[in-house]
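For reference, the structure discussed in these notes is given below.
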Amino acid sequence: MREKLASIGDDSWIEDERGTKVYKVDGKAMRLRDTFILQDMAGAEVAKIQERKLHIRDTMVIERDGKKIADVHRRLVGLRDHLKVDLEGGGELKIKGNLVDHEYTVKGEHGKVAEISKKWFRVRETYGVAIAEGQDDALLLAITVAVDSLTDVI
């Protein structure tokens, strides 16, 4: 996931391992809360990621087709980030990582489902996301957007 350096909002491109653009993350500027739209290459909305302001913990909601599919919650323990994803159909994912290094592991009921890393790249504001086979790529990419937003340090 690579951010454009000079853009209004937070627009990013998600490329596959060959460098082909496969998704766009459209950050909506001028809104009261952080909102990102994950779009496929045809411009169709694949997921909407939106901050929830009136929660005790930092929370972002992920929607697909206008329906909530996941909540991403954050809690900070020292320099380690612990995030939890509550899936609407039941179940959860746990995300653990390091705030300074931007290295995260996403685990589900049966083990690791993805790794998120900023360390793999020299280019600033670039993440690598390795997703296990058989997983919901769009959901895990939307979770990556939420993790980036929730762990963004001023």
Side-chain angles (χ1 to χ4, degrees), residues 1-3 7 9-16 22-41 43-120 125-154:
M1 187 168 81
R2 187 168 294 155
E3 280 188 46
S7 63
D10 293 312
D11 292 346
S12 306
W13 288 103
I14 298 174
E15 301 171 353
D16 64 15
V22 290
Y23 292 102
K24 179 182 179 185
V25 179
D26 184 6
K28 298 297 182 184
M30 312 301 275
R31 298 222 178 165
L32 293 175
R33 53 184 157 201
D34 287 344
T35 301
F36 304 92
I37 306 296
L38 182 63
Q39 299 171 332
D40 64 18
M41 290 311 299
E45 182 177 309
V46 176
K48 179 178 180 179
I49 306 105
Q50 189 168 49
E51 178 184 29
R52 292 293 188 229
K53 290 280 191 195
L54 299 175
H55 286 251
I56 296 170
R57 294 182 291 172
D58 293 339
T59 301
M60 295 199 81
V61 172
I62 300 172
E63 297 177 355
R64 183 179 285 156
D65 298 323
K67 295 182 177 115
K68 181 169 79 166
I69 59 170
D71 285 317
V72 182
H73 310 281
R74 176 185 179 206
R75 67 186 179 104
L76 184 63
V77 180
L79 289 178
R80 306 277 306 164
D81 269 317
H82 292 267
L83 296 99
K84 182 176 144 192
V85 181
D86 293 318
L87 302 170
E88 246 344 87
E92 67 181 28
L93 301 173
K94 293 188 179 190
I95 304 168
K96 292 185 180 175
N98 186 294
L99 181 66
V100 176
D101 292 333
H102 299 281
E103 297 281 315
Y104 302 96
T105 300
V106 182
K107 290 186 178 179
E109 182 178 330
H110 301 291
K112 183 168 50 174
V113 296
E115 286 184 90
I116 303 168
S117 176
K118 216 178 213 186
K119 207 174 193 178
W120 294 341
E125 299 304 323
T126 300
Y127 279 96
V129 183
I131 300 172
E133 197 168 316
Q135 298 299 316
D136 183 339
D137 291 354
L139 173 61
L140 288 163
L141 292 170
I143 289 169
T144 300
V145 172
V147 167
D148 181 57
S149 182
L150 289 168
T151 60
D152 190 23
V153 179
I154 299 172

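Checked against salt bridge (Lys or Arg N to Asp or Glu O under 4.0 Å), Glu92 has the following partners two or more places apart in sequence or in another chain: Lys84, Lys94. Under the salt bridge (Lys or Arg N to Asp or Glu O under 4.0 Å) criterion, Asp136 pairs with Arg64, not counting sequence neighbours. Partners of Ala70 by side chain to side chain contact (heavy atoms under 4.5 Å, CB included), not counting sequence neighbours, listed by chain and number: Ile62, Val85, Leu87, Leu139. By the salt bridge (Lys or Arg N to Asp or Glu O under 4.0 Å) test, Lys107 pairs with no residue at all, sequence neighbours left out. For Asp16, the side chain to side chain contact (heavy atoms under 4.5 Å, CB included) partners are Arg18, Thr20, Val22, not counting sequence neighbours.
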Exercise. Apply side-chain contact (heavy atoms from CB on, under 4.5 Å) to Leu140 and Val113, showing your working.
Key: CA-CA 9 Å; Leu140 288 163; Val113 296; 4.1 Å; yes

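Counting only heavy atoms from C-beta outward, the side chains of Ile131 and Leu141 approach each other to under 4.5 Å. Side-chain atoms of Ile116 and Asp148, non-hydrogen and from C-beta on, never get closer than 4.5 Å to each other. Using a 4.5 Å cut-off on side-chain heavy atoms (C-beta onward), Thr105 and Lys96 make no contact. Side-chain atoms of Ser149 and Met60, non-hydrogen and from C-beta on, do get closer than 4.5 Å to each other.
Pairing each heavy atom of Tyr104 with each of Gly97, the nearest pair is CD2-CA, 3.5 Å. The two residues Gly27 and Phe36 have their closest heavy-atom pair at CA-CD2, 3.7 Å. In terms of heavy atoms, Val46 sits closest to Asp40 at CG2-N, 3.6 Å.
Within the model, atoms CD of Glu88 and CD of Glu63 stand 10.0 Å from one another, a figure rounded to the nearest 0.5 Å. With rounding to the nearest 0.5 Å, the separation of CG in Leu38 from NZ in Lys48 is 13.5 Å. For the atom pair CD of Gln39 and CH2 of Trp13, the computed distance is 8.0 Å after rounding to the nearest 0.5 Å. Between the CG atom of Asp86 and the CG atom of Leu93 there is a distance of 9.5 Å, given to the nearest 0.5 Å. Here CD1 of Ile95 is found 11.5 Å from CZ of Arg74. Values are rounded to the nearest 0.5 Å. With values rounded to the nearest 0.5 angstrom, Thr59 atom OG1 is found 7.5 Å from Leu150 atom CG.
Of the residues Asp71, Ile49, Ile69, the one that meets the side chain to side chain contact (heavy atoms under 4.5 Å, CB included) test with Val61 is Asp71.
Look at Glu115 and Lys112 and you find a salt bridge, because one of the NZ, NE, NH1 or NH2 atoms lies within 4.0 Å of a carboxylate O, short of that distance.
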